[in-house]
Amino acid sequence: MSQKYHYLARRLHSFTGIFPVGIFLCVHLCINSFIFKGPEAYDWAIGLLERSPLTPYIEVGLIGIPILYHALYGVWVTYISKTNIFQYKYFRNWMFYLQRFTAIVTFLFVFWHIYVLRIARIFTGTEMDFATIAAWLSDPTIYIIYIIGYLAAVFHFCNGIWSFLISWGITIGSEAQNFVMCVCTLIFIALGVVGIAGLTLLSKAVVLIR
Amino acid sequence: MSDVILKIKRQDGPNSRPYWEEFKVPVAPKANVISLLLEIQRNPVNLQGKPTTPVIWDCNCLEEVCGACSMVINGVARQACAALVDTLSKPIVLQPLSKFPLVRDLMVDRQKMFENLKKIKAWVPIDGTYYMGPGPKVAPSVQDERYLISCCMTCGCCMEACPYVNPKSNYMGPTCMAQVKLFNAHPTGAMYKDERLDAIAGDGGIADCGNAQNCERVCPKEIPLVSIIAELNRETAFRGFNRWLKGKPKGPGLAAPG
């Protein structure tokens, strides 16, 4: 990385984590939450994005490129860090490590997730709806992978908010940082519970319909 | 007088292979780690009873204000002079700081930190050919804030504990960031404010910080490094936006030399 753009590249990495990647994660989860209103509502919600004429542009420009940048630069940032969690067993040091650990898990999960549910579909032409997803998630292995990948992504997002606010110099004092940490913990717990409930509902749906 | 076992990571020179050697050393009441090393120097015989070379280490003030005797004691970077034997778990394990070039045994070369301080212009520009009058007044609140940072002794503990200070990264480390705040908070030092912010917005600068926050935990002088780094994150960001939105300032004094 050029010396002149080092700061910019690193800050862009921090920025893209929230805008648009984090925001997109929230939108994605909002759409998925329609599962709690039943299969018809779910199909209507996931069809919303597909019907928009802007979707291909949003998918590439607002989601694809930023996520690729955040992921690839993030792998580099993780690679150049030297963990010392067993030497310095501080809470924040562990969170620092977990942030990078969940980054790698999320990286693998998200690219696999995008490949099987978005890219592969272009070639196979499978319709993306409740029935397909429910059948897909009824496989226990895939269900477990989804739970792990989802929790990793949400952890990375929540701890990322905390880290973002420091990297941009918004939360400076320890009180402010601790307050944000409490809020982020609550968000993580809430998203975790709702997400697992949603995934479980989807994975059991095939059995329920029969 | 009781005996204590010391396990020391030794290395005969910068390019030699490291090895572990154990020593059994008598301890006087209220002894510190330095006094144990002095004991080895007096009687360089290892645990197996074999004569060996005395262990080399660096120290100076013996009251935790110079930072020279920093080493990794039981896994954590700290000063050997302030590490009281009674408070340490046994056997006591001593290792040299791993983030600096090794000289011999427990002695390292901390020159890197001095080079970094030069990069960020960690001084107040008062050089002149004539008397420049008394310096500007500093508010007591600013004095208090600056005093805390001025206690930094470039001991290197924050560098040692930082996950981003390592051979793969150029990160200058938390100590430099604290010095930017120290000199930017001084009315005369503030003349170089923008240059210092630009220096830490460059390669190896503040953006390399990964918010592990170990630095503040290990700092023997309890300098609020986390808040300082967060504040400089804000200042470098504002400086960056301003520089881009306003454009480069123009004036006869700012013309490029030559």
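In the text below, chain A, chain B and the rest are named by the order of the sequence lines, each starting its count at 1.
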Check: Quick one: of B:A237, B:G240, B:S169, who has the most non-hydrogen atom pairs under 4.5 Å with chain A?
Finding: B:A237

Next item on the list: Below 4.5 Å from any heavy atom of chain A, which atoms of B:N166 appear? Answer side chain, backbone, both or neither.
Entry: side chain

Checklist line | Heavy-atom contact with chain A under 4.5 Å, split by part of B:V72 | finding: side chain

Item checked: Aromatic ring proximity A:Y146/A:W112, centre distance under 6.0 Å -> yes

Notebook entry, point to check: Are B:C209 and B:Y164 close enough, and set up right, to give a side-chain contact (heavy atoms from CB on, under 4.5 Å), and what steps lead you there?
Noted result: CA-CA 7 Å; B:C209 170; B:Y164 274 111; over 6 Å; no

Next item on the list: Could you have a look at A:I170, A:N84, A:L165 and say which one has the most heavy-atom pairs with chain B under 4.5 angstrom?
Entry: A:N84

Note to self: Given the ring of A:Y79, does B:K168 sit roughly above its face, with NZ or CZ under 6.0 Å from the centre of the six-membered ring and within 45° of the axis?
What the structure shows: yes

Margin query: Taking side chain as everything from C-beta outward and backbone as N, CA, C, O, which of these in A:R92 sits under 4.5 Å from a heavy atom of chain B? Side chain, backbone, both or neither.
Written below: both

Notebook entry, point to check: Is the shortest side-chain N to carboxylate O distance from B:D198 to B:R243 below 4.0 Å?
Noted result: yes

Check: Does a salt bridge link B:R10 with B:E21, judged by any charged N lying under 4.0 Å from a carboxylate O?
Finding: yes

Notebook entry, point to check: Most heavy-atom pairs under 4.5 angstrom with chain B, which of A:Y97, A:W162, A:W94?
Noted result: A:W162

Notebook entry, point to check: Top residue by heavy-atom pair count (under 4.5 Å) with chain B, among A:S167, A:G173, A:S14?
Noted result: A:S167

Next item on the list: Kindly say whether the aromatic ring centers of A:F155 and A:F188 come within a distance under 6.0 Å.
Entry: yes

Notebook entry, point to check: Under a 4.5 Å heavy-atom cut-off, does chain B meet the side chain of A:Q177, its backbone, both or neither?
Noted result: side chain

Item checked: Neighbour count above 12 (heavy atom, 6.0 Å) for B:M191 CE -> no

Item checked: Residue part contacting chain A, namely of B:D208, when any heavy atom lies under 4.5 Å -> both

Next item on the list: Tell me, out of B:L232, B:T236, B:I229, who's got the most heavy-atom pairs with chain A below 4.5 Å.
Entry: B:T236

Note to self: Just so I understand: if I count every heavy-atom pair under 4.5 Å between each of B:G205, B:P167, B:A230 and chain A, which residue has the most?
What the structure shows: B:A230

Check: Is the A:F111 to A:Y115 ring centre distance short of 6.0 Å?
Finding: no

